[in-house]
Amino acid sequence: MPVATPSRLVRLDALRGFALVGILAVNVWAFATGYYGSGIADPAGDPVVQFAVSMFFETKFYLLFSFLFGYSFTLQMDAAARADAAFRPRMLRRHLGLAVIGVAHAVLLFHGDILTTYAVLGLVLLALRDISARRAVWLAIGLLLASGVLWTLLGVLDLLTPTPVDGAAAAARVTETVAAYQGTPATVVAEHLRQLPSTLALVVFVQAPSALAMFLLGFAAGKRQLFAEPWRHRTLWTWLLRAGLPIGLAGAAFYAYLTVHHPGSGAQTLAIGVTLLTAPLLTGGYVAALLRLFETRAATVFAPVGRVALSNYILQSVILSLVFTAYGLGLVGNLPYAAVAGLVVVIYAIQLALSALWLRSHRYGPLEWLLRAVTTGARPAAARPPALRP
């Protein structure tokens, strides 16, 4: 097997950059409306926008981000080997730094932060780093099946023994959330702290098993250098496009319909089980399609924003907080759904331009530089070296 070069893989950066627009398209609703995750329908909601977001973005792009996290773990292993440095202490410092950033993000900006989860699950991957690629794949499949089947059975049970939704209590919580986000910075932080326990439950019981499974799949892909030489794996990409993508889209449509039209019901619980089983296939189909796209110059468009993904992830929350909460305009609940979708496009376009501009003169994004300093225990060079002239 050819040895990976120390240079950054453009395809990996481009995939990570594309994943960021999916993350933004989902997270924006936690800022834009108090009804997101409330278990009741928003009277001002737009079913077309909601269906599109649920079908194509929700439960898919955190899987892609998780897969890329696992792949990057193998690059960190290679970097430690090239530096002749002990890998375990480096990664422990890295995950600690990631956890600190994640906790600050969750309390100050967005209670749905994923970084802390990655920091904790990364320790599991660290403990499993000596397993073979084949065993990592089978363990990932086992996690995905166990989680998906369990939630599907819970959904069936919930349908057979339905529990009425207390709409009045849910509506009151929505009103409290909107008031907190429109109040003061202190009430925004208090609302984040109030929602953290329920968010933690969602992460532990829904997202964490799938995220760890995708870590393992990404780890296996990194060991096989899947993106370094993707043409060697045409059979896999073809299968994902011809089988994985259709199955994933069918499951996504089922999930989107029940989520939009039956929120908070047993049907939505069943939809969660179905999407846990099928969303990884759709995510794989996305990867296969994007790799074909990235054979063109499109890779160079998405790669800069992915190269500074951590900084861009936090920047998204900063911008959304300034637009929708008391940190800035306090527009939560006041923008039509179509306008919120348009805002996603505008923010991502700004990030594409800013990332390319920043990387002209810098090696790393601001938070990437900080995390690298924590990881290596040394001060990285911040500026990009000047180009050599003939």
Legend entry - CZ/R194: more than 12 non-hydrogen atoms of other groups inside 6.0 Å: yes
If I take atom [atom1] from residue [X] and atom [atom2] from residue [Y], how far apart are they, to the nearest 0.5 angstrom?
X    : Y    : atom1 : atom2 : value
T59  : I272 : OG1   : CD1   : 9.5 Å
L370 : I101 : CG    : CD1   : 5.5 Å
R173 : S198 : CZ    : OG    : 9.0 Å
R16  : F302 : CZ    : CZ    : 14.5 Å
L144 : L212 : CG    : CG    : 9.5 Å
S66  : L217 : OG    : CG    : 10.5 Å

Under 3.5 Å, is there a donor-acceptor pair between the side chain of [X] and the main chain of [Y]?
X    : Y    : value
S38  : Y35  : yes
Y327 : L108 : yes
R129 : L126 : yes
T187 : T184 : yes
T278 : I247 : no
K60  : M55  : yes
D78  : A81  : no
Q351 : V305 : no
Q207 : L202 : no
T175 : A171 : yes

Legend entry - Worked check of ring pair (Phe, Tyr, Trp, His ring centres under 6.0 Å) between F56 and F61: CA-CA 9 Å; F56 296 108; F61 278 81; 9.9 Å; no
Legend entry - Full working for ring pair (Phe, Tyr, Trp, His ring centres under 6.0 Å) between F110 and F31: CA-CA 8 Å; F110 178 44; F31 293 85; 5.3 Å; yes
pair [X]-[Y]: side-chain heavy atoms closer than 4.5 Å:
X    : Y    : result
Y313 : I114 : yes
Q182 : N334 : yes
F227 : L68  : yes
W369 : R379 : yes
V374 : L96  : no
T269 : W151 : yes
L249 : L282 : yes
F65  : L20  : yes

Which heavy atom in [X] sits nearest to a heavy atom in [Y], and how many Å separate them?
X    : Y    : answer
L241 : A289 : CD2-N, 3.8 Å
S54  : T259 : OG-CG2, 4.1 Å
F219 : A136 : CD2-CB, 4.3 Å
T375 : L371 : OG1-O, 2.7 Å
A271 : Y255 : O-CD1, 3.5 Å
A220 : A133 : CB-O, 3.5 Å

Inset, instruction - Evaluate the ring planes of W358 and H362, with Trp represented by its six-membered ring, and classify them as parallel (under 30°), tilted (30 to 60°) or perpendicular (over 60°). - result: parallel
Legend entry - Parallel, tilted or perpendicular, as decided by the 30° and 60° cut-offs, for the rings of F69 and Y118: tilted
If hydrophobic clusters are built from ILVMFWY residues whose side chains come within less than 4.5 Å, do [X] and [Y] share one?
X    : Y    : result
F215 : L128 : yes
V346 : L354 : yes
V124 : F87  : yes
I23  : L343 : yes
V120 : F205 : no

Legend entry - Short N-O contact, R292 and E295, less than 4.0 angstrom: no
Inset, instruction - I would like to know whether H192 and V107 meet side chain to side chain contact (heavy atoms under 4.5 Å, CB included); could you show each step before the answer? - result: CA-CA 6 Å; H192 291 159; V107 172; 5.7 Å; no
Legend entry - Stepwise side-chain hydrogen bond (donor to acceptor under 3.5 Å, both in side chains) test for S355 and N312: CA-CA 8 Å; S355 298; N312 277 316; 3.0 Å; yes
Legend entry - Check against side chain to side chain contact (heavy atoms under 4.5 Å, CB included), T275 and E58: CA-CA 9 Å; T275 197; E58 260 183 28; over 6 Å; no
Inset, instruction - Take W29 and Y337 through the ring pair (Phe, Tyr, Trp, His ring centres under 6.0 Å) test and state the conclusion after the steps. - result: CA-CA 9 Å; W29 304 103; Y337 274 55; 4.9 Å; yes
Inset, instruction - Just do the side chain to side chain contact (heavy atoms under 4.5 Å, CB included) check on W138 and I131 with the steps written out, would you? - result: CA-CA 11 Å; W138 283 113; I131 66 172; over 6 Å; no
Inset, instruction - Run the numbers on E191 and T177 for side-chain hydrogen bond (donor to acceptor under 3.5 Å, both in side chains), then give the verdict. - result: CA-CA 7 Å; E191 179 63 18; T177 296; 2.9 Å; yes
Inset, instruction - I would like to know whether H261 and F51 meet ring pair (Phe, Tyr, Trp, His ring centres under 6.0 Å); could you show each step before the answer? - result: CA-CA 9 Å; H261 296 286; F51 188 91; 7.4 Å; no
Inset, instruction - May I have the step-by-step check of side chain to side chain contact (heavy atoms under 4.5 Å, CB included) for I319 and L322, ending in yes or no? - result: CA-CA 5 Å; I319 295 173; L322 290 174; 5.7 Å; no
Legend entry - Q268 and H262 side chains, donor-acceptor separation under 3.5 Å: no
Inset, instruction - Establish, from distance only, whether the side-chain atoms of R93 and T376 form a donor-acceptor pair under 3.5 Å. - result: no
Legend entry - Residues Y364, S311; criterion side-chain hydrogen bond (donor to acceptor under 3.5 Å, both in side chains); working and verdict: CA-CA 9 Å; Y364 314 105; S311 295; over 6 Å; no
